[in-house]
Amino acid sequence: MRRPPATRSRLPVTPGVAWLAAISLGIFDKLANGPKSVADLARDLPADADALERLLGACDMLGLLQRTEAGYANTPAATAYLTSTSPRR
């Protein structure tokens, strides 16, 4: 019996992976001065907009980011603890 061709995996993002990926990409630093749209963040990082939107959504669910009309923004905790300039990091 033949197996179907491999398809792109859409594994769920675990909380630890989302948090570390966002720090590694510099998302919290890019949002330190206010909200940005997914398109603006994707251009600034640079990153794939579709994948980035899933990561931002995961960070929103974790309470690290919040979605606003202007785009995504850091929560106070993310600004205090997850930006590279934070004295608490």
Side-chain angles (χ1 to χ4, degrees):
M1 184 181 288
R2 295 183 78 188
R3 291 185 177 187
T7 58
R8 186 173 165 187
S9 175
R10 296 215 181 242
L11 296 174
V13 176
T14 63
V17 170
W19 178 72
L20 289 173
I23 289 172
S24 296
L25 287 170
I27 290 172
F28 302 112
D29 289 333
K30 294 288 184 187
L31 296 174
N33 294 322
K36 288 190 176 192
S37 69
V38 174
D40 288 342
L41 276 173
R43 184 185 62 246
D44 291 349
L45 288 173
D48 177 77
D50 183 51
L52 181 61
E53 187 165 24
R54 289 192 302 267
L55 177 59
L56 295 173
C59 288
D60 180 25
M61 289 176 50
L62 292 171
L64 302 174
L65 297 177
Q66 65 184 139
R67 191 170 189 170
T68 68
E69 288 184 17
Y72 284 90
N74 284 343
T75 60
T79 299
Y81 297 104
L82 302 176
T83 59
S84 61
T85 58
S86 171
R88 297 177 183 163
R89 184 172 177 192

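The residues of the chain are indexed from 1 along the displayed sequence. Reckoned from all heavy atoms, side chains included, excluding hydrogens, waters and symmetry mates.
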Q) So which heavy atom on Asn74 is nearest to which on Phe28, and how close? A) ND2-O, 2.9 Å
Q: Just jot down the side chain to side chain contact (heavy atoms under 4.5 Å, CB included) partners of Thr68, sequence neighbours excluded, or say none.
A: Pro35, Gln66, Ala70, Ala73
Q | Separation of Arg67 CZ from Cys59 SG (nearest 0.5 Å) | A | 13.5 Å
Q. Once you round to the nearest 0.5 Å, how far does OH of Tyr81 lie from OG1 of Thr75?
A. 11.0 Å
(Q) Can you give me the closest heavy-atom contact between Leu31 and Tyr72, atom names plus distance? (A) CD2-O, 3.3 Å
Q: Spell out, yes or no, whether Met61 and Val17 are grouped together once hydrophobic residues are joined by side-chain heavy atoms under 4.5 Å, including indirect joins.
A: no
Q) What are the two closest non-hydrogen atoms of Leu62 and Ala18, and how far apart are they? A) CD1-CB, 4.0 Å
Q. CD1/Ile27 to CG/Leu65 distance, rounded to the nearest 0.5 angstrom?
A. 7.0 Å
Q) Which pairs with one or both residues in residues 32-41 pass salt bridge (charged side-chain N to carboxylate O under 4.0 Å, His left out), sequence neighbours excluded? A) Lys36-Asp44, Asp40-Arg43
Q.
If you compare all heavy atoms of Ala49 against all heavy atoms of Val38, which two are closest, and at what distance to 0.1 Å?
A. O-CG1, 3.6 Å
Q. Between atom OG1 of Thr79 and atom CG of Asp29, what is the distance when rounded to the nearest 0.5 Å?
A. 10.0 Å
(Q) If we ignore hydrogens and angles and just use 3.5 Å, is the side chain of Ser24 paired with the main-chain N or O of Leu20 as donor and acceptor? (A) yes
